[in-house]
Protein chains: 2
Amino acid sequence: MASASIPSNPADLLRAAGIKVTPGRVRVLQALHGARQPLCHGEMEAQLGVDGEAAMDRVTLYRILDSLVACGLALKAVDTRGVFRFSAAGAQRQHANHIHFRCTDCGGVFCLKAEPPPPPTLPEGFRLRRAEFDVCGTCDRCSGDTTPLVPR
Amino acid sequence: MASASIPSNPADLLRAAGIKVTPGRVRVLQALHGARQPLCHGEMEAQLGVDGEAAMDRVTLYRILDSLVACGLALKAVDTRGVFRFSAAGAQRQHANHIHFRCTDCGGVFCLKAEPPPPPTLPEGFRLRRAEFDVCGTCDRCSGDTTPLVPR
DNA sequence: CCACAAATGCAACAATGTTGCGTTTGTGGC
DNA sequence: GCCACAAACGCAACATTGTTGCATTTGTGG
């Protein structure tokens with residue numbers, strides 16, 4: 001097998017990003033890539049404990065996550081409860097060109113066909129970093145059966 | 001002047017909502033209505049201190065905010081730093097037909113001229129509750145002076 | 001005006017995230 | 001393979017934001 005020009009295993013990703021390859025970082029990156037949705041700090045701690053290895057220090061985990069975000073290998077966001085959630089960068093690339101629908105009932109995320117709207121023009125001096133169309137409501141299953149969902 | 005059928009002062013709003021009218025709640029509701037953007041707990045504490053009256057107990061403020069949310073007089077959301085922000089219910093109506101730009105640096109919210117994009121069509125059975133165009137980056141002041149903002 | 005439930009103030013606690021500092025470890029150079 | 005050094009780690013302590021328990025005060029209906 002020839003050497004991969006597009007690195008995909010955690011160690012290579014870390015090397016390519018220019019930060020040291022440590023067991024902790026490899027484990028965290030693996031966990032992020034294996035996750036089907038962004039993980040918060042606590043979930044990640046639990047996840048890592050399952051590996052059979054000793055649980056990682058809380059602060060170290062925070063620092064690893066920060067370093068991954070800083071070098072672009074991970075993304076940081078905040079959920080509705082105000083907790084930071086981390087996801088592997090690149091995981092969202094496949095989710096680039098369509099809109100997501102979030103079910104507020106079951107928490108599920110669904111991909112819509114529609115293209116995201118173009119970013120708006122900003123006033124002088126403003127810099128756009130991210131523009132996201134946040135669409136939420138209830139999915140087909142959750143809409144159907146029970147919840148009247150406070151129409152007020 | 002006839003009795004108002006649409007109550008608008010804090011005390012009447014509280015009465016109409018069916019919860020006790022207390023000085024604290026009136027003050028908080030006034031602050032919320034006077035605010036040009038959602039306030040976090042700390043900002044509200046500061047705001048209330050300015051009134052000349054004694055600052056309110058931290059826990060009491062939390063509970064007042066919760067009670068206002070519970071009876072529908074206030075709305076609770078979470079900002080990018082993971083902090084809860086509260087706004088007067090109805091206050092968002094005047095903010096309905098344009099896009100908001102959120103500065104990730106100073107936390108400020110700015111109103112853009114552009115109209116919000118039309119809501120996407122949903123698959124069968126899905127119910128839309130909210131569609132919001134979330135635009136963020138750095139405002140003119142924060143973009144200008146200091147931060148290189150990790151261009152990497 | 002009274003009684004009672006609701007609201008408040010205080011203290012303590014809980015969850016999440018950060019800082020300082022001494023020790024360990026990955027990495028480049030030999 | 002070995003060394004030195006900076007980066008990463010582990011630990012302890014701290015900071016911020018939000019919550020819970022409980023005794024006291026206060027708004028409201030009668």
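Within every chain, numbering begins at 1; the chains are lettered A, B, ... in the order of the sequence lines, protein sequences first and strands thereafter. Owing to the predicted nature of the structure, the values given are computational and were not obtained by experimental measurement.
Arg25(B) places its CZ atom 15 Å from the C1' atom of dG9(C), with the value rounded to the nearest Å. Per the geometry, CG belonging to Leu61(B) stands 11 Å off C1' belonging to dG18(D), to the nearest Å. Protein atom CG of Asp57(B) is 17 Å distant from nucleotide atom P of dA23(D), rounded to whole Å. Atom pair Glu43(A):CD and dG17(C):C1' shows a separation of 16 Å (rounding to whole Å applied). Between Asp66(A) atom CG and dA8(D) atom P the separation is 12 Å, expressed in whole Å. Atom CZ in Arg85(B) sits roughly 10 Å away from atom P in dT17(D) (whole-Å rounding). dG17(C) atom P lies 11 Å from atom CE of Met44(A), rounded to whole Å. Atom P of nucleotide dA8(D) and atom CD1 of Ile64(A) are separated by 10 Å, given to the nearest angstrom.
Of the side-chain N and O atoms in Thr22(B), one or more sit less than 4.0 angstrom from OP1 or OP2 of dT8(C). Distances shown here put every side-chain N or O of Arg63(A) at or beyond 4.0 Å from the OP1 or OP2 atom of dC9(D).
Counting heavy atoms from C-beta outward, Arg85(B) and Glu43(B) have side chains that approach closer than 4.5 Å. Contact annotation: the side chain of Leu29(B) approaches that of His33(B) to within less than 4.5 Å [non-hydrogen atoms, C-beta and beyond]. Within the 4.5 Å cutoff, no side-chain heavy atoms of Met44(B) are placed close to those of Met56(B). No side-chain heavy atom of His41(B) sits under 4.5 Å from any side-chain heavy atom of Phe84(B).
For the pair Lys76(A) and Phe86(A), the NZ or CZ position fails the cation-pi test of under 6.0 Å to the six-membered ring centre and within 45 degrees of the ring normal.
Salt-bridge formation is not detected for the pair Asp66(A)/Arg63(A): no Lys NZ or Arg NE/NH1/NH2 atom is positioned less than 4.0 Å from an Asp or Glu carboxylate oxygen.
Mapping Ile19(A) and Ile19(B) onto DNA chain D via the closest heavy atom, the residue that lands nearer the 5' end is Ile19(A).
The nucleotide whose nearest atom lies closest to any side-chain atom of Lys20(A) is, among dT8(C), dA8(D), dG27(D), dA8(D). For Val59(B), the listed nucleotide lying nearest its side chain is dC10(C); candidates were dT27(C), dG9(C), dC10(C).
The only member of Leu75(B), Leu13(B), Leu14(B) that meets side-chain contact (heavy atoms from CB on, under 4.5 Å) when paired with Leu68(B) is Leu14(B).
Across all strands shown, dC22(D) forms a Watson-Crick or G-U wobble pair with dG9(C), both key distances being under 3.5 Å.
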Check the interface with nucleotides 13-16 of chain C: list each N/O to N/O pair with the protein under 3.5 Å, or write none.
none

